[in-house]
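Order of the sequence lines fixes the chain letters, A, B, ..., with proteins taken first and strands second; residue numbering starts at 1 for each chain.
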Number of protein chains: 2
Amino acid sequence: MTRKKQILKTAAQLFKERGYSAVTMRDLAAAMDMKAASLYNHISGKQEILSVLILDIAHEFTGGMSMVKDEDNAAFAKAESLINLHINIALSHTDALAVMNTDWMHLEGRPYEEYVKLRKQYERDFKAILEHGIQQGEFKSMSVETILFSMLSTLRSIYLWIPRKSPSEIKSLKLELPDLLLEGLKC
Amino acid sequence: MTRKKQILKTAAQLFKERGYSAVTMRDLAAAMDMKAASLYNHISGKQEILSVLILDIAHEFTGGMSMVKDEDNAAFAKAESLINLHINIALSHTDALAVMNTDWMHLEGRPYEEYVKLRKQYERDFKAILEHGIQQGEFKSMSVETILFSMLSTLRSIYLWIPRKSPSEIKSLKLELPDLLLEGLKC
DNA sequence: GTCTATAGTTGGATAGAC
DNA sequence: GTCTATCCAACTATAGAC
């Protein structure tokens with residue numbers, strides 16, 4: 001792993017615990033057993049760390065979404081794929097995902113605009129899949145806004161739940177979450 | 001409204017938007033059309049603002065929970081009451097609730113310990129109600145942890161959803177959320 | 001109760017030696 | 001690539017005049 005990747009990984013851990021604004025470059029350097037000045041040989045500044053962490057994850061989601069959109073499946077199966085997408089990213093990139101969810105508003109300039117754009121597009125795509133499911137009679141006829149809100153709230157919180165749980169509890173989650181989220185939607 | 005309450009209200013708005021660490025006493029003073037030094041005639045410091053905002057809301061939740069525990073109702077009705085508790089607090093104290101959910105880790109000393117204690121107790125009580133519902137055969141037999149996680153994730157996110165919505169969409173939420181969250185739990 | 005002035009600390013970032 | 005030393009801006013909070 002390159003030095004830059006080590007810095008990004010360590011920063012993700014610290015930002016997750018204390019939040020972007022509360023972590024100093026000196027804190028980050030200390031956690032890496034170096035001095036703050038040395039960090040700048042690998043990254044241009046604190047903002048670069050934040051934007052790399054967040055935009056990488058954001059692109060994981062939009063990449064996953066475009067795969068799901070291309071599936072030749074009904075809305076129900078697509079919703080299942082999206083649940084798995086969220087679980088898999090939460091498992092493989094827990095810290096960076098936490099940073100994205102809690103510190104995106106500290107992005108500045110272009111990266112901020114980019115993130116907001118990606119997030120809006122993701123929500124639009126998610127909503128379209130749910131709407132299609134309702135039109136086709138796969139899902140109950142209720143407010144799409146309410147369904148979208150409830151599903152996304154749960155999916156976006158998985159990262160909070162995962163680090164506290166055993167592998168067997170995570171297996172339960174993978175098994176039961178599609179049921180729990182989609183059962184209430186069936187006609 | 002006393003000057004202190006005005007300060008707390010304004011602080012809640014700013015903390016919600018930018019996070020506790022990113023808001024300075026100068027920012028807060030400017031938003032109140034005064035100088036930073038003048039704030040200290042009303043509050044002892046930045047930490048006091050944070051702890052008052054957060055612990056007030058935390059006590060709203062524990063107070064609500066103790067009412068629900070005393071209800072002479074089945075688990076299903078109690079769960080419904082808890083959903084309403086979350087919706088009502090999210091409606092009446094949107095900003096302070098946002099601060100509690102995102103900035104509690106910036107509490108220091110006693111208030112931090114107090115908040116963590118209240119939150120743990122709330123989750124224990126919530127879990128006990130769900131477990132009781134499963135034992136009595138009101139709810140499906142699935143992992144309580146998964147149900148608790150999914151319900152609390154949605155309920156704790158309501159404050160994010162509310163400011164973007166019209167009164168009629170909020171009515172939909174009030175009407176449909178109990179259904180959506182509890183339907184998947186029925187046997 | 002609000003102000004100006006400022007103390008005392010800490011932040012991100014750079015310069016230049018090794 | 002890491003260090004020491006340092007710049008300078010910004011932070012919380014206090015002192016004391018009005």
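For B:Arg26, the listed nucleotide lying nearest its side chain is D:dC11; candidates were D:dG1, D:dC11, C:dG12. Listed nucleotides: D:dG1, D:dT14, D:dT12. Nearest to the side chain of B:Ala37: D:dT14.
For the side-chain contact (heavy atoms from CB on, under 4.5 Å) test with A:Leu97, the passing option among A:Ile54, A:Ile57, A:Leu91 is A:Ile57; the others fail.
Put simply, A:Arg3 has no side-chain N or O that comes within less than 4.0 Å of OP1 or OP2 on D:dG1. Look at B:Lys35 and you won't find any side-chain N or O under 4.0 angstrom from OP1 or OP2 of C:dC3. When the side-chain nitrogen and oxygen atoms of A:Ser38 are compared with OP1 and OP2 of D:dC3, one or more of them lie within a distance under 4.0 Å.
The backbone N or O of A:Leu55 sits less than 3.5 Å from a side-chain atom of A:His59, completing a donor-acceptor pair.
Under 4.0 Å is where a charged nitrogen must lie from a carboxylate oxygen, and between B:Lys4 and B:Glu48 at least one such pair does. Taking 4.0 Å as the cut-off between side-chain N and carboxylate O, A:Glu114 and A:Lys117 count as a salt-bridged pair. In this structure, A:Glu123 pairs ionically with A:Arg119, as a charged nitrogen and a carboxylate oxygen lie closer than 4.0 Å.
In this structure, the CZ atom of A:Arg18 is 14 Å from the C1' atom of C:dG11, given to the nearest Å. Between the CG atom of B:Asp33 and the C1' atom of C:dG1 there is a distance of 15 Å, rounded to whole Å. Atoms CE (A:Met25) and P (C:dG12) sit 7 Å apart, rounded to a whole Å. In this structure, the OH atom of A:Tyr20 is 13 Å from the P atom of C:dG11, given to the nearest Å. Atom OH of A:Tyr40 and atom P of C:dG11 are 12 Å apart (whole Å). When the P atom of C:dG12 is taken as reference, atom CD1 of A:Ile43 falls 10 Å away, rounded to whole Å. One can place CG of A:Leu39 at 10 Å from P of C:dG12, the figure rounded to the nearest angstrom. A:Lys46 has its NZ atom 8 Å from the P atom of C:dA13, to the nearest Å.
Looking at which nucleotide of DNA chain C each of A:Ser21 and B:Met34 is closest to, the 5′-most match is held by B:Met34.
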